[in-house]
Amino acid sequence: MNQQSTAQVKRLVVEIELLASVPKVWEALLNEASLWWTEEFLGIPGSKCIKLEPWAGGRLYEESENGSILWANILSIVPQKGIDFLGWMSPAYGGPCFTMICITLAATENGTKFTLNDSLVGDVSEGTEANLDEGWKMLFGTMFKNYVEGK
């Protein structure tokens, strides 16, 4: 049986108020992922942390003795303002699709407004969309938030 799917565009937005300064949030985002990005959000058994190369063309990836995954490349990075990624999701991870993720930081009276925009183009099921929305909120709205506010 021939199954056809139609490319779709989905957009997820997660906004989080953080009680931490922009420099503190930026440092945690770029250089401290191993302290807040937990194993349940990694794709390779035995992988211990996500790694980020903080420059245009740099990779967001993980690796272990059991393999490696390139999640995204950095398209642009403006210190303490934002970072843009271009990534891919294979069928094993809910695709096939590509994703453009834009994270922005803005100073507020009480700390930092963190905004994540994830635009997905391709074969994106409702289940994948719901899982990503829930995952981003857990990863950044709970784990990252707890980490930067507890530092």
Side-chain angles (χ1 to χ4, degrees), residues 1-20 22 25-26 28-30 32-54 56-78 81-106 108 110-150:
M1 178 156 71
N2 184 11
Q3 294 183 351
Q4 292 185 322
S5 63
T6 304
Q8 304 166 39
V9 177
K10 301 284 184 169
R11 184 165 180 237
L12 305 170
V13 178
V14 176
E15 295 181 338
I16 305 159
E17 293 292 330
L18 301 169
L19 301 176
V22 168
V25 171
W26 185 254
L29 184 64
L30 261 58
E32 300 169 1
S34 64
L35 301 175
W36 56 268
W37 194 299
T38 64
E39 289 184 34
E40 70 189 275
F41 283 90
L42 298 172
I44 303 173
S47 182
K48 297 298 179 200
C49 68
I50 197 96
K51 298 175 184 177
L52 176 67
E53 298 170 337
R59 300 171 297 164
L60 178 66
Y61 69 103
E62 62 181 277
E63 62 185 359
S64 78
E65 295 174 355
N66 299 314
S68 60
I69 297 176
L70 173 62
W71 289 110
N73 285 106
I74 296 176
L75 296 174
S76 68
I77 186 166
V78 179
K81 298 283 186 200
I83 186 167
D84 293 334
F85 299 92
L86 174 62
W88 308 268
M89 291 173 50
S90 71
Y93 295 98
C97 67
F98 72 87
T99 176
M100 295 187 78
I101 300 167
C102 177
I103 295 174
T104 58
L105 305 179
T108 64
N110 295 316
T112 303
K113 180 179 179 184
F114 174 101
T115 304
L116 181 143
N117 282 284
D118 188 357
S119 298
L120 301 131
V121 178
D123 188 4
V124 184
S125 70
E126 288 181 20
T128 297
E129 182 180 8
N131 287 340
L132 281 170
D133 187 54
E134 181 181 322
W136 287 136
K137 288 175 180 172
M138 175 66 77
L139 184 64
F140 289 105
T142 301
M143 292 179 221
F144 184 70
K145 180 179 177 67
N146 289 344
Y147 175 75
V148 297
E149 291 182 350

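These numbers come from the heavy atoms of this one structure, side chains and all, not from hydrogens, waters or symmetry mates.
Asn117 has its side chain within reach of Arg11: a pair of non-hydrogen atoms, C-beta onward, lies under 4.5 Å apart. Two residues are said to be in side-chain contact when any heavy atoms from C-beta on lie closer than 4.5 Å; Leu18 and Tyr147 fail this criterion. Side chains of Ile103 and Phe85 form a contact here, defined as non-hydrogen atoms less than 4.5 Å apart.
For the atom pair CG of Leu42 and SG of Cys49, the computed distance is 7.5 Å after rounding to the nearest 0.5 Å. Summarising the geometry, atom OG1 belonging to Thr112 is positioned 6.5 Å from atom CG belonging to Leu105; distances are rounded to the nearest 0.5 Å. The CG atom of Leu116 sits 9.0 Å away from the CG atom of Leu139 when rounded to the nearest 0.5 Å. With values rounded to the nearest 0.5 angstrom, Leu120 atom CG is found 9.0 Å from Thr128 atom OG1. Residue Asp123 holds its CG atom at 6.5 Å from CD of Gln8, rounded to the nearest 0.5 Å. The CZ atom of Arg59 lies 10.5 Å from the CG atom of Leu52; values are rounded to the nearest 0.5 Å.
Taking every heavy atom of both residues into account, Cys97 and Gly122 meet most closely at CB-CA, 3.8 Å. Scanning all heavy atoms of the two residues, the minimum distance from Val148 to Ala20 falls at O-CB, 3.9 Å. Of all non-hydrogen atoms in Glu149 and Glu17, the two that sit nearest each other are OE2-O, 3.8 Å. Scanning all heavy atoms of the two residues, the minimum distance from Ala28 to Trp36 falls at O-NE1, 3.0 Å. Across all their heavy atoms, Pro91 and Pro96 have their closest contact at CG-CD, 4.0 Å.
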Inset, instruction - Begin with the C-alpha distance, continue with both residues' side-chain angles, and end with the deciding distance and a verdict on side chain to side chain contact (heavy atoms under 4.5 Å, CB included) for Leu70 and Trp88. - result: CA-CA 8 Å; Leu70 173 62; Trp88 308 268; 4.1 Å; yes
Inset, instruction - Could you go through the side chain to side chain contact (heavy atoms under 4.5 Å, CB included) check for Thr115 and Val13 one step at a time? - result: CA-CA 7 Å; Thr115 304; Val13 178; 4.3 Å; yes
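The aromatic rings of Phe114 and Phe144 sit tilted, their planes meeting at an angle between 30° and 60°.
Ring-centre distance between Phe41 and Trp71: not below the 6.0 Å cut-off.
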Would you mind writing out the side-chain donor-acceptor pairs for residues 129-136 within the sub-3.5 Å range, not counting sequence neighbours?
from   : atom 1 : to     : atom 2 : distance (Å)
Glu129 : OE1    : Lys10  : NZ     : 3.3
Asn131 : ND2    : Gly127 : O      : 3.3
Asp133 : OD2    : Lys137 : NZ     : 3.0
Trp136 : NE1    : Asp118 : OD2    : 2.8

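Side-chain atoms of Ser68 do not come within 3.5 Å of backbone N or O of Glu63 as any donor-acceptor pair. In terms of modelled atom types and a separation under 3.5 Å, the side chain of Asn66 and the main chain of Ile44 share no donor-acceptor contact. A donor-acceptor distance shorter than 3.5 angstrom exists from the side chain of Glu62 to the backbone of Gly43, with no hydrogens or angles considered.
When the side chain to side chain contact (heavy atoms under 4.5 Å, CB included) test is applied to Thr142, the partners found at least two apart in sequence or on another chain are Met138, Asn146.
Environment of CD in Glu40: crowded, with over 12 heavy atoms of neighbouring residues, nucleotides or ligands closer than 6.0 Å.
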